[in-house]
Amino acid sequence: RRNMRPMKLTEAGQAALKRMETILRAHDGLMEALVNDNRALTGRVRLSSAPGFATRKLVPFIREFTEAHPGISVDIQTGGTEADVAKGFVDVAVINYVPLDATGLVLRRYNSSRTPLLATPEYIRAHGAPSSPEDLAQHTGLLLETVMHPPTQILKKNGAASPILRWKEVFTTHDQMTLRELVLSSLGITVDLYAGHVLPEIRRGRRVPIMPGWRREPWQMSVVTRWEDEARSKALSDFAAYVALEAEATWAPIREETNRVVEEAFRRRLRS
């Protein structure tokens, strides 16, 4: 709260601080255990994540871990799933969904984020703003479609599900950054773009959240390994735990800030 001296945390800030304290204690405990472990960690870890995510978020974690443990080397791939982990094709997969079958897998959840519907002011001026899921039948949908993510068909509001979504036209892509560019080009409405990718634009009113309360199912982000691999390799177990804790610590403030900016944007639209 900047309107008082000294400045104080808002309720959201206090909640974030409470959660961060737990994350930081867990992180400190893990790092202390790693430092005090006399057994040197050695081996090769095959890591897979969504395209772009490794570059932006995982590389700093990998650098810090391998600097502390020079005997560890990491092969970075993209697009791996929990099925690739289960089959032994990769050792660690960073995924943004909950596997339907997690038998034999270790899941370390590190983030859950909700995605609003987004469009540009130019698109809304040209086509109007939908007020219900049924209205989307008059609009162009910009959707994500991957092997593990069929296009979103249902939205949720206060726990209630919408009818199956119908669109006038549809553009699909397998990549979040391409989806971002489609929205920036005012081609339609997206239900799948993570709002954090366009946070500066939402602040400036260049991207507009629409249909308050309606969201797609939250992204559930996890680090996945196999039980048998972790039992056999301390290096793999420690590496996966480190990545999950660092990712949770990184994403917690981003998630809180994204939620705040989106809610402020909704309030601006109500006032205008």
Side-chain angles (χ1 to χ4, degrees), residues 19 22-113 144-150 174-176 217-252 255:
R19 293 193 63 183
T22 302
I23 294 170
L24 291 172
R25 282 197 298 271
H27 171 266
D28 291 344
L30 172 63
M31 294 308 298
E32 183 178 357
L34 293 176
V35 170
N36 293 334
D37 193 337
N38 292 324
R39 292 173 297 172
L41 296 180
T42 61
R44 181 179 296 275
V45 176
R46 295 168 299 169
L47 171 70
S48 180
S49 73
F53 180 76
T55 302
R56 297 193 308 274
K57 301 297 182 183
L58 289 180
V59 167
F61 310 158
I62 295 170
R63 185 192 67 247
E64 292 173 5
F65 192 88
T66 53
E67 285 178 353
H69 304 282
I72 297 291
S73 60
V74 181
D75 293 336
I76 302 176
Q77 307 171 26
T78 59
T81 69
E82 81 284 354
D84 295 312
V85 175
K87 294 175 183 177
F89 297 154
V90 297
D91 301 311
V92 183
V94 181
I95 60 177
N96 58 2
Y97 56 91
V98 176
L100 297 178
D101 181 10
T103 304
L105 300 177
V106 182
L107 268 64
R108 293 178 171 89
R109 185 81 55 82
Y110 68 86
N111 188 37
S112 176
S113 60
L144 191 72
E145 183 174 16
T146 69
V147 173
M148 300 308 301
H149 278 288
H174 70 283
D175 176 55
Q176 281 275 326
E217 290 284 356
W219 301 103
Q220 305 289 353
M221 303 176 185
S222 302
V223 175
V224 182
T225 58
R226 286 199 303 182
W227 280 108
E228 61 182 275
D229 292 340
E230 289 207 15
R232 185 171 59 249
S233 171
K234 176 173 171 56
L236 176 62
S237 178
D238 286 346
F239 178 78
Y242 181 84
V243 169
L245 279 172
E246 290 289 339
E248 185 175 5
T250 297
W251 280 102
R255 181 178 62 248

*Who are the side chain to side chain contact (heavy atoms under 4.5 Å, CB included) partners of S112, not counting sequence neighbours?*
P218, Q220
*Quick one: salt bridge (Lys or Arg N to Asp or Glu O under 4.0 Å) partners of R44, sequence neighbours excluded?*
D75
_Those residues that, when tested against R232, pass side chain to side chain donor-acceptor pair (under 3.5 Å) (two or more places apart)_ = D229
*What heavy-atom pair brings V223 and V92 nearest, and what distance separates the two atoms?*
CG1-CG1, 3.5 Å
*asked:* Holding to salt bridge (Lys or Arg N to Asp or Glu O under 4.0 Å), I want the full list of residues that pass it with D84, two or more places apart in sequence or in another chain.
replied: none
*Can you name the side chain to side chain contact (heavy atoms under 4.5 Å, CB included) partners of T146, sequence neighbours left out?*
L144, M148, H149, H174
_Tell me if a side-chain donor or acceptor on T81 pairs with a main-chain N or O of A83 at a distance below 3.5 Å._
yes
_Pair L58-I76, side-chain contact (heavy atoms from CB on, under 4.5 Å): steps then yes or no_ = CA-CA 10 Å; L58 289 180; I76 302 176; over 6 Å; no
*For a side-chain contact (heavy atoms from CB on, under 4.5 Å) with F65, tell me which candidate from I72, V74, V45 qualifies.*
I72
*For R19, side chain to side chain donor-acceptor pair (under 3.5 Å) partners two or more places apart*: none
_Listed partners of S113 passing side chain to side chain contact (heavy atoms under 4.5 Å, CB included), at least two apart_ = N111, Y194, W219, M221
_Restricting to non-hydrogen atoms, name the atom on Y110 and the atom on A247 that form the minimum distance, rounded to 0.1 Å._
CD1-CB, 3.5 Å
*Does A241 have any side chain to side chain contact (heavy atoms under 4.5 Å, CB included) partners at least two apart in sequence or in another chain, and if so, which?*
L30, R108
*If you look at every heavy atom in T78 and S48, which pair is closest and at what distance?*
C-OG, 3.6 Å
*Any pair with a residue in residues 88-99 that passes salt bridge (charged side-chain N to carboxylate O under 4.0 Å, His left out), sequence neighbours left out, goes on the list, sorted by first then second residue, please.*
R46-D91
*When rounded to the nearest 0.5 angstrom, what distance separates CG in D238 from CD in E230?*
9.0 Å
*Residues forming a side chain to side chain donor-acceptor pair (under 3.5 Å) with Q176, sequence neighbours excluded*: none
*State, with a plain yes or no, whether a side-chain heavy atom of L105 is found less than 4.5 Å away from one of R226.*
yes
*Tell me, please, which residues at least two apart from E145 pass salt bridge (Lys or Arg N to Asp or Glu O under 4.0 Å).*
none
*Partners of E64 by salt bridge (Lys or Arg N to Asp or Glu O under 4.0 Å), sequence neighbours excluded?*
none
